[in-house]
Amino acid sequence: MTVTQPSDQAARERIREDLDSTLFVEAGAGTGKTSELVRRIVRLVASGRTEMQRIAAITFTEAAAAELRDRVRIELEKAAGETDSPSSEERTRCEAALAQVDAAAVETLHGFARRILAGHPLEAGLPPSFDVLDEIGASITFEERWTAFVDDLLADQSLEETLLRAFTLGLTLEHLHIVALEFHRHRDRLEDVTIDVGPLRAVDAGPLVRDLEQVCELRASCQDPDDGLYRHLEGLDMYRRRLAAAETDLVRLSIWAEGTRMKCSVGRRENWDGVTPSDVRGLLTEADQMRSDLLWQARSSLLSPLLAAIRHFILKYAEDRRRQGRLEFHDLLVQARDLLRRDALVRSAVREQFSHLLIDEFQDTDPIQTEMAVLLAAKGVDGKSPPWHEASIEAGRLFFVGDPKQSIYRFRRADIVLYQAVQERFSGETVRLTQNFRSVKPVIDWVNHIFAGLMAEETEGQATYVPIEPWWEPPETTPVTVHVLGGPSEGLVSSIRQREAAEIARIIEAAKAEGWPVGEIQGSGERVIRRAQYADIAILMPTRTTLPPIEQALEEEFGL
Ligand SMILES: Nc1ncnc2c1ncn2[C@@H]1O[C@H](COP(=O)(O)OP(=O)(O)OP(=O)(O)O)[C@@H](O)[C@H]1O
Ligand SMILES: [Mg+2]
């Protein structure tokens with residue numbers, strides 16, 4: 001190794017030393033983002049700016065949080081034991097921090113939210129011994145409530161006509177169930193939404209009937225009653241008459257909704273006089289468009305009262321969970337956010353309790369995370385707090401770390417557009433790390449090459465690829481390469497999966513047998529190269545469906 005310092009050393013020093021600024025660090029995988037976050041925590045404590053128990057370090061998963069706590073502990077131990085540079089005062093502070101690290105708020109956002117709620121249950125309107133339901137329990141309870149809601153909905157006289165019409169137009173209870181689940185998932189956004197519910201509109205078939213009548217009269221210009229277009233118009237005329245004769249809105253709607261085709265492509269030119277088949281077909285296309293527009297309007301006007309009823313159901317259910325103290329996982333975030341939003345006293349108490357908020361994996365942020373971070377870092381605001389993008393925050397309280405390319409939790413509301421907005425709003429300049437410590441040059445070259453092409457352009461919601469630089473050279477003895485397995489394959493998916501699995505098993509066997517080199521950092525910080533073991537190998541797969549053939553192949557290869 002010829003270089004002695006990472007090429008981005010200045011950025012790393014800034015993270016450790018510029019402790020009184022709000023920093024936003026953006027960097028690729030394995031560049032030491034989490035390591036630098038840990039070092040910043042140690043510096044915050046060692047410099048006497050704060051204490052470990054006043055720091056909140058938030059990451060995305062329970063596993064990452066446990067690892068983060070361990071890494072903080074290890075770095076604090078190192079700093080407490082160092083004899084050369086830090087002053088004895090700094091060492092003493094790190095020792096004190098070590099005693100606090102187990103109880104410190106190094107946790108997931110949900111854990112942090114729970115901590116805030118547990119500290120202020122009465123203000124949050126929760127019974128002091130509130131519970132958090134697991135996912136299965138939450139789902140069962142939701143379905144029970146939904147069933148009861150549907151019974152009420154179907155018995156509700158004021159919605160009877162709306163429902164009849166909606167069902168006539170193809171709506172099903174399953175559709176409503178899907179809407180309810182989405183509303184439930186985003187219940188925190190429902191409160192600010194108003195749904196206007198107007199009276200049911202009369203179903204006016206007049207314009208469509210008149211249009212069809214005019215087109216159907218054009219039959220007189222056709223000489224051949226066997227002409228395809230002529231026959232089509234005959235059929236449509238029947239349809240028009242039924243529509244005109246319909247006595248109720250419901251019947252009119254059901255005729256509208258029939259799949260009767262209006263547009264057609266038949267008709268011979270020589271059979272028509274004074275008007276061409278193509279003119280007639282143009283008029284039919286217009287009539288068809290009119291029918292679709294009318295249907296669309298009818299459908300959307302019917303949806304409003306139903307959406308309003310579902311919104312009410314979801315909010316009422318959330319309210320009941322809060323009163324009973326039986327929260328769902330996501331409720332932790334919503335309740336903590338709401339509490340911080342509305343209660344200036346609690347807000348200032350929590351702000352006093354936590355002087356610094358450091359957030360790892362910020363690319364997977366839930367919108368509520370941003371809001372909570374800002375609420376806790378905003379300059380003293382009394383009463384109701386302003387929206388996050390208007391708040392002015394105290395410098396140095398917030399520290400964000402993220403890699404937009406690694407955002408994987410979109411289904412859990414991670415939002416890259418929001419990530420970028422926060423970055424712009426709170427950091428004058430983004431601190432970037434580019435040196436990768438995890439992989440060796442040939443692997444990184446391959447990754448840079450592939451992804452620079454695949455993620456070439458920045459579009460909204462999609463990060464561009466930023467190349468990373470290797471820190472470690474590959475060991476001189478064995479070449480390190482990227483193996484691409486397989487190649488174009490034909491046959492049934494199941495047999496391709498089996499072949500793929502067999503290749504995976506073979507390459508694992510080769511890695512072990514040939515002793516592929518693995519770099520390992522020793523406790524002393526020195527890196528040694530050793531032969532690969534099975535424990536070094538991870539198999540990543542997009543879905544679980546590919547797992548059984550892989551298990552089988554591994555069993556066959558290794559008898560595991
Ligand atoms: N300054 C450094 N010098 C040498 N090795 C380092 C340095 N910083 C971090 N590392 C090592 O690099 C590896 C990756 O570090 P870390 O987990 O902090 O990266 P990261 O950017 O947070 O990764 P991810 O993108 O997966 O979250 C670890 O093995 C760590 O020990
Ligand atoms: Mg990390």
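Whatever order the structure lists them in is the order used to number ligands and atoms, beginning at 1. Every heavy atom of this structure was used, including side-chain atoms; hydrogens, water molecules and symmetry mates were not. Since the model is a prediction, treat every value here as computed from it, not as a measurement.
Ring orientation note: the planes of Phe354 and Phe112 are nearly perpendicular, at an angle over 60° on the 30°/60° scale. Taking the six-membered ring where tryptophan is involved, the planes of His110 and Phe329 are essentially parallel, since the angle between them stays under 30° and well short of 60°.
Closest of all the heavy-atom pairs between Ala180 and Ile314 is O-CD1, 3.5 Å.
Note that OG1 of Thr59 and CG of Leu68 are 6.0 Å apart. Values are rounded to the nearest 0.5 Å.
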(message) I'd like to know whether Trp446 forms a ring-ring contact (aromatic ring centres under 6.0 Å, His included) with His483, so could you lay out the CA-CA distance, the side-chain angles of the two residues, the decisive distance to 0.1 Å, and finally the verdict.
(response) CA-CA 10 Å; Trp446 183 85; His483 290 260; over 10 Å; no

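Figure legend: cation-pi geometry between Arg527 and Trp472, with NZ or CZ positioned under 6.0 Å from the six-membered ring centre and within 45° of its axis.
Within the coordination shell of the Mg ion (ligand 2), defined by N, O or S atoms under 2.8 Å, Thr59 is absent.
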Any protein N/O atoms within less than 3.5 Å of an N/O atom in ligand 1? List the atom names and distances, or say none.
from, atom 1, to, atom 2, distance (Å)
ligand 1, 17 (O), Arg71, NH1, 3.4
ligand 1, 17 (O), Arg71, NH2, 3.3
ligand 1, 17 (O), Arg438, NH2, 3.3
ligand 1, 18 (O), Thr34, N, 3.4
ligand 1, 18 (O), Ser35, N, 2.8
ligand 1, 18 (O), Ser35, OG, 2.5
ligand 1, 18 (O), Arg71, NH2, 2.9
ligand 1, 19 (O), Gly32, N, 3.0
ligand 1, 21 (O), Thr31, N, 3.2
ligand 1, 21 (O), Gly32, N, 3.0
ligand 1, 21 (O), Lys33, N, 2.8
ligand 1, 21 (O), Lys33, NZ, 2.9
ligand 1, 22 (O), Lys33, N, 3.4
ligand 1, 22 (O), Thr34, N, 2.8
ligand 1, 22 (O), Thr34, OG1, 2.8
ligand 1, 23 (O), Gly30, N, 3.2
ligand 1, 23 (O), Arg438, NH2, 3.1
ligand 1, 25 (O), Gly30, N, 3.3
ligand 1, 25 (O), Lys33, NZ, 2.6
ligand 1, 25 (O), Gln406, NE2, 2.9
ligand 1, 26 (O), Arg438, NH1, 2.9
ligand 1, 26 (O), Arg438, NH2, 3.1

